[in-house]
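A short worksheet on the structure shown next.
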Amino acid sequence: MNTSAPFAVPDAFRAAHDSAWTDTLPGLVAELLERWTLRPDGAVGHGMAGIVLPVRRADGLPAVLKIQRPSEDDAAVVPGLRAWNGRGIVRLLDHDAAGSGALLLERLDAARPLSSLDDDVKACDILGGLLARLVAVPAPPGIRRLADIAGAMVDAAPAAVRSLADPDERRLVAVCADAVAEVLGEAGDRLLHWDLHQDNVLAGTREPWLAIDPEPLAGDPGFDLWPALDSRWEEVVAAGGDPRGTVLRRFDQLTERVGLDRRRAAVWTLGRVLQNALWDIEDGKAALEPPQVELARVLLTDRMP
């Protein structure tokens with residue numbers, strides 16, 4: 001029986017979510033601590049979607065208990081983590097298959113994300129190395145397929161772009177959709193992370209750096225480059241240097257490290273521009289985010305002659 005103090009949901013997290021769900025969390029945490037023989041071992045943390053509680057197992061192994069509301073986006077996390085089996089990514093120790101979707105994960109150093117490195121060239125090389133290892137694994141059966149997602153995006157684009165105020169942005173999204181339409185028949189079958197940026201890589205003890213928070217997808221590795229290209233974009237712009245040069249250097253680093261055809265990778269990166277644009281339009285926005293416009297134009301000019 002765990003005799004620790006009751007778990008308290010952080011106020012900021014509670015305010016951002018439905019109380020009907022957050023009110024269940026203290027009881028769920030207490031039940032999982034007892035079931036898995038865990039004891040709390042640090043302050044609770046949280047992101048936008050979930051909470052993370054540092055714990056120790058009965059054998060003394062440090063771990064984290066991660067809980068977020070079950071959704072379609074999370075359905076592939078367990079089979080994805082099992083397929084990777086800790087190779088370049090946080091290791092899955094246990095999960096609650098009964099309905100909560102809670103995960104017991106290897107503990108990494110949340111205070112040391114890859115974004116804490118000052119050397120962007122080194123950080124990008126580390127991201128590329130992790131990505132190469134992750135996409136080397138074939139996607140297990142049942143994982144969502146990029147082919148299906150990309151096909152739906154191409155179909156939705158003509159009507160969606162009418163919501164954009166700038167004609168140049170409408171044309172840009174249409175070009176992205178046309179490019180993706182050409183490769184729909186070759187959407188790939190690798191196991192993708194889908195959100196591998198510098199803040200989703202943490203320092204570890206088993207390995208120096210490991211990925212976290214995947215949203216597994218079966219597809220072409222080129223579709224996984226966008227988050228790395230977009231990492232710390234505000235800092236890139238604020239530095240007053242050469243954003244275009246940074247985009248091209250990062251793109252070339254990543255494609256070389258992973259062993260990708262650059263033109264094909266550029267096409268699938270434009271697919272991410274298309275996806276982000278459609279999400280923004282769905283949210284009621286009438287303009288694209290500036291980083292998306294900049295990155296898309298750079299790739300169209302310099303990597304898709």
Side-chain angles (χ1 to χ4, degrees), residues 1-71 73-116 130 134 193 195-216:
M1 173 69 71
N2 190 286
T3 58
S4 60
F7 171 80
V9 179
D11 291 341
F13 187 79
R14 183 184 294 278
H17 292 272
D18 180 2
S19 61
W21 176 63
T22 57
D23 287 348
T24 69
L25 293 179
L28 175 60
V29 169
E31 192 273 326
L32 291 171
L33 292 176
E34 183 167 5
R35 188 199 311 175
W36 288 334
T37 319
L38 307 171
R39 61 179 175 84
D41 189 42
V44 63
H46 68 88
M48 293 183 62
I51 58 171
V52 178
L53 177 65
V55 295
R56 283 191 182 268
R57 298 195 313 189
D59 60 5
L61 183 74
V64 293
L65 180 61
K66 180 179 180 181
I67 302 174
Q68 60 189 53
R69 187 193 293 267
S71 71
D73 289 343
D74 303 321
V77 171
V78 169
L81 289 174
R82 283 176 169 167
W84 282 311
N85 194 27
R87 290 167 293 192
I89 197 165
V90 65
R91 180 166 283 156
L92 176 67
L93 304 177
D94 210 334
H95 83 286
D96 179 20
S100 75
L103 305 176
L104 186 65
L105 301 166
E106 168 185 19
R107 193 190 303 181
L108 305 178
D109 189 349
R112 290 181 58 212
L114 186 59
S115 59
S116 64
L130 292 174
L134 296 177
H193 183 287
D195 197 23
L196 189 63
H197 53 76
Q198 292 186 25
D199 284 326
N200 269 349
V201 176
L202 300 180
T205 53
R206 178 171 58 86
E207 295 192 25
W209 300 99
L210 290 164
I212 62 168
D213 290 347
E215 299 176 20

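In this text the structure is predicted, and so the values were computed from the model without any measurement. The first residue in the sequence is number 1, and the count goes up from there.
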Working for side-chain contact (heavy atoms from CB on, under 4.5 Å), residues W36 and V55: CA-CA 10 Å; W36 288 334; V55 295; over 6 Å; no
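- Judged purely by atom type and a 3.5 angstrom limit, N200 uses its side chain to pair as donor or acceptor with the backbone of D195.
- Here the closest heavy-atom approach between residue L81 and residue P214 is recorded as CD2-CG, 4.0 Å.
- Looking at residues two or more places apart in sequence or on another chain, you find a salt bridge (charged side-chain N to carboxylate O under 4.0 Å, His left out) between D59 and R57.
- Atom CG of N85 and atom CG of L92 lie 9.5 Å apart (nearest 0.5 Å).
- To the nearest 0.5 angstrom, R35 atom CZ is 8.0 Å from D94 atom CG.
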Pair D213-V90, side-chain contact (heavy atoms from CB on, under 4.5 Å): steps then yes or no: CA-CA 9 Å; D213 290 347; V90 65; over 6 Å; no
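- V44 and I51 get closest at one heavy-atom pair: CG2-CB, 4.3 Å.
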side-chain contact (heavy atoms from CB on, under 4.5 Å) evaluation trace for V9 with H17: CA-CA 11 Å; V9 179; H17 292 272; over 6 Å; no
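- Distance CG/L93 to CG/L103: 10.0 Å, rounded to 0.5 Å.
- In this structure the side chain of L114 never reaches within 4.5 angstrom of the side chain of H197, judged on heavy atoms.
- A distance-only check finds a donor-acceptor pair linking the side chain of R206 to the backbone of G86 [under 3.5 Å].
- Closest of all the heavy-atom pairs between E207 and G88 is OE2-N, 4.0 Å.
- Between the CD atom in Q68 and the CZ atom in F13 there is a gap of 8.0 Å [rounded to 0.5 Å].
- Looking at L38 and L32, their side chains never come closer than 4.5 Å, going by heavy atoms from C-beta outward.
- For the pair H193 and I89, the tightest heavy-atom approach, listed with the atom from each and the gap, is CD2-CD1, 4.1 Å.
- Atoms CG and OG1, on D11 and T22 in that order, are 10.5 Å from each other to the nearest 0.5 Å.
- Surrounding CG of D18 are more than 12 heavy atoms belonging to other residues, nucleotides or ligands, all under 6.0 Å away.
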Verdict with reasoning, L202 to D109, per side-chain contact (heavy atoms from CB on, under 4.5 Å): CA-CA 6 Å; L202 300 180; D109 189 349; 5.7 Å; no
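- Taking each heavy atom of W21 and T24 in turn, the nearest pair found is O-OG1, 2.6 Å.
- With hydrogens and angles disregarded, no donor-acceptor distance shorter than 3.5 Å links the side chain of H95 to the backbone of L105.
- Heavy-atom minimum distance, L53 versus G42: CD1-O, 3.9 Å.
- Residues S100 and I67 have side chains not in contact (no heavy-atom distance under 4.5 Å, counting atoms from C-beta outward).
- A distance of 9.5 Å separates CD of Q198 from CH2 of W209, quoted to the nearest 0.5 Å.
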